[in-house]
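Note sheet for the following structure.
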Protein chains: 2
Amino acid sequence: MTLESRRPGRPKERILDRDRIAEAALAQIRSAGLSGMTMRALARRLKVSPSALYNHVPSRAAVLALLQERFAAGIDTSGFGSEPLREALSRWAWSYLTRLRERPELVPLIVAVPLAHTPYTSLVYQRVVAGFSAAHWPDESIIASLSVLETFIFGAALDSPTPEGVYEPRDPERSPLLARASAAFAATAAERGLPPGDLLFEIGLDALLTGMHQLWGATRRTRG
Amino acid sequence: MTLESRRPGRPKERILDRDRIAEAALAQIRSAGLSGMTMRALARRLKVSPSALYNHVPSRAAVLALLQERFAAGIDTSGFGSEPLREALSRWAWSYLTRLRERPELVPLIVAVPLAHTPYTSLVYQRVVAGFSAAHWPDESIIASLSVLETFIFGAALDSPTPEGVYEPRDPERSPLLARASAAFAATAAERGLPPGDLLFEIGLDALLTGMHQLWGATRRTRG
DNA sequence: ACCTGAACACCGTTCAAGT
DNA sequence: ACCTGAACACCGTTCAAGT
């Protein structure tokens with residue numbers, strides 16, 4: 001596309017910066033999906049020529065990484081150190097899930113570029129480990145507990161956009177057990193006034209934390 | 001690209017079919033990633049012109065869906081009905097993980113096109129629900145248990161390609177607890193002769209099944 | 001320093017023309 | 001029925017030319 005509104009050459013005032021680019025990229029993903037976040041579309045949205053972007057950002061991948069970092073920075077890790085472990089973990093997990101639900105357009109992005117190595121990650125790791133340690137969980141169980149939680153949160157976040165009713169059988173006559181279980185689950189969610197996805201997350205987190213506590217939390221190390 | 005080896009017009013014998021296309025697509029993803037699986041590259045690999053593919057498959061998305069179905073069909077659900085619930089679930093979970101590890105190139109694909117609506121899924125759902133039901137878990141807990149397991153498996157499968165050593169601190173002096181936990185975990189994996197990812201999956205599955213059992217498995221319904 | 005616009009080497013998909 | 005090849009409307013990225 002040719003821009004008729006601006007002539008070649010450096011403009012009097014700077015049009016772009018990384019912030020504006022990130023903002024526009026988010027809007028673009030929201031309106032056209034990850035694959036619709038093309039450099040050309042981004043440029044169009046910013047009323048700029050595609051090549052202008054490359055003065056601020058080295059590649060499309062870098063734009064996506066920028067969005068990643070901003071996302072990670074929004075996750076609440078404040079519970080670690082100020083609350084009991086289980087509450088802190090729960091706060092962290094819910095915050096992660098909530099942030100991702102606010103921006104479901106980021107889901108494919110989070111998969112493509114895992115959070116594992118952003119600066120936020122190492123901070124969280126240290127805090128979580130300190131929490132387990134203070135609660136006297138055995139050394140060998142700590143990394144596993146952390147990782148298993150992350151895995152579940154990650155999976156839940158990705159599953160979130162799953163349409164409702166996945167568990168309803170197409171032919172209830174032929175799947176009476178599934179139909180009954182599905183109805184019972186829906187009833188519980190309605191009773192508690194929770195979206196099904198929230199109920200699932202709550203239950204899964206509860207099961208995990210309960211299981212981990214049963215396996216390690218109630219035990220003192222036997223060696224030494 | 002112009003094919004010099006073949007002239008226009010219908011060839012004497014059929015060159016393509018959906019099977020050959022699926023096979024080549026898998027090879028292409030393996031060698032060039034999901035984004036490298038372009039219709040043109042696929043055609044090149046099959047020594048055919050790109051447009052020839054459209055006689056057998058309506059779109060690139062359909063090629064990917066084809067791979068999905070083949071993947072799903074390879075997951076072992078034979079334990080349901082023939083083994084105790086916990087073993088059947090474990091077999092299913094491990095099979096899913098193993099299949100995906102054999103074809104890590106499918107990970108981005110599984111995310112892009114969730115399994116939730118393939119024919120295999122409803123079969124699994126029915127079997128799992130029947131298992132929980134036979135074990136007298138309360139109706140309201142069944143869908144949640146199933147979903148939570150799926151979520152964990154899904155997350156673990158996606159996390160699998162995570163490089164090792166993510167949990168080792170960059171600066172052990174400043175993160176002594178993390179360093180100690182990390183070493184203890186590695187020692188356990190070595191002791192048991194398991195890859196770290198396998199140990200994590202085993203532990204997570206164990207924690208989940210234990211937690212779920214604690215919450216519902218040991219209880220009789222109190223109503224009615 | 002920071003923009004434009006042309007250019008290069010790609011895409012997925014359609015369709016007329018061939019056998 | 002099932003292939004080719006041209007065409008259409010796209011990509012990401014580079015770079016000379018402009019101010």
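What you see is a predicted model; the values in this text were computed from it and never measured. Side chains are part of it too, since the values below use all heavy atoms of this structure and drop only hydrogens, waters and symmetry mates. Naming convention: chains lettered A, B, ... in sequence-line order (proteins, then strands); numbering from 1 in each chain.
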Smallest separation among heavy atoms of A/Leu200 and A/Phe152, with atom names: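 That closest heavy-atom pairing would be O-CZ, 4.5 Å.
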Nearest whole angstrom, please: distance from the [atom2] of [N] to the [atom1] of [X].
X	N	atom1	atom2	answer
A/Arg20	C/dC3	CZ	P	10 Å
B/Leu34	C/dC11	CG	C1'	14 Å
B/Leu53	C/dG12	CG	P	10 Å
A/Arg44	C/dT4	CZ	C1'	16 Å
B/Leu16	D/dA1	CG	C1'	13 Å
B/Leu42	C/dC10	CG	C1'	16 Å
A/Leu46	C/dC2	CG	C1'	14 Å

Per-nucleotide protein contact string for nucleotides 13-19 of chain D (B base, S sugar-phosphate only, - none; heavy atom under 4.0 Å): BBB--BB
With DNA chain D as reference, determine whether B/Ile15 or A/Ala41 sits nearer its 5' end, using the nearest nucleotide of each.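 By nearest-heavy-atom nucleotide position, the 5'-most residue is B/Ile15.
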So, OP1 or OP2 of [N]: does either fall under 4.0 Å of a side-chain N or O from [X]?
X	N	result
A/Arg6	C/dC3	no
A/His56	C/dA1	no
B/Ser49	D/dC3	no

For the backbone of [Y] and the side chain of [X], can you confirm whether one donor and one acceptor N or O come within less than 3.5 Å of each other?
X	Y	value
B/Arg20	B/Ile15	yes
A/Arg91	A/Thr77	no
A/Arg6	A/Lys47	yes
B/Arg14	B/Leu16	yes

Counting heavy atoms from C-beta on, name the nucleotide in C/dC2, D/dC11, D/dC3 closest to the side chain of B/Val48.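 Out of C/dC2, D/dC11, D/dC3, the nucleotide with an atom closest to B/Val48's side chain is D/dC3.
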Bracket notation of DNA chain C in which parentheses pair within the strand, [ ] cross earlier pairs, and | pairs with another strand (Watson-Crick or G-U, under 3.5 Å): ||.|||||...|||||.||
Using a strict 4.0 Å threshold on nitrogen-to-oxygen distance, state whether B/Glu102 and B/Arg99 make a salt bridge.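 The answer is yes: the pair qualifies as a salt bridge.
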Ion pair present between A/Arg70 and A/Glu23, side-chain N to carboxylate O less than 4.0 angstrom?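 Yes, charged N to carboxylate O under 4.0 Å.
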Would A/Arg45 and A/Ser31 count as having a side-chain donor-acceptor pair, cut-off 3.5 Å?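 There is such a pair between these side chains.
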Look at the aromatic rings of A/Trp94 and A/Phe201 and report parallel, tilted or perpendicular, splitting at 30° and 60°.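 The rings of A/Trp94 and A/Phe201 stand perpendicular, inter-plane angle above 60°.
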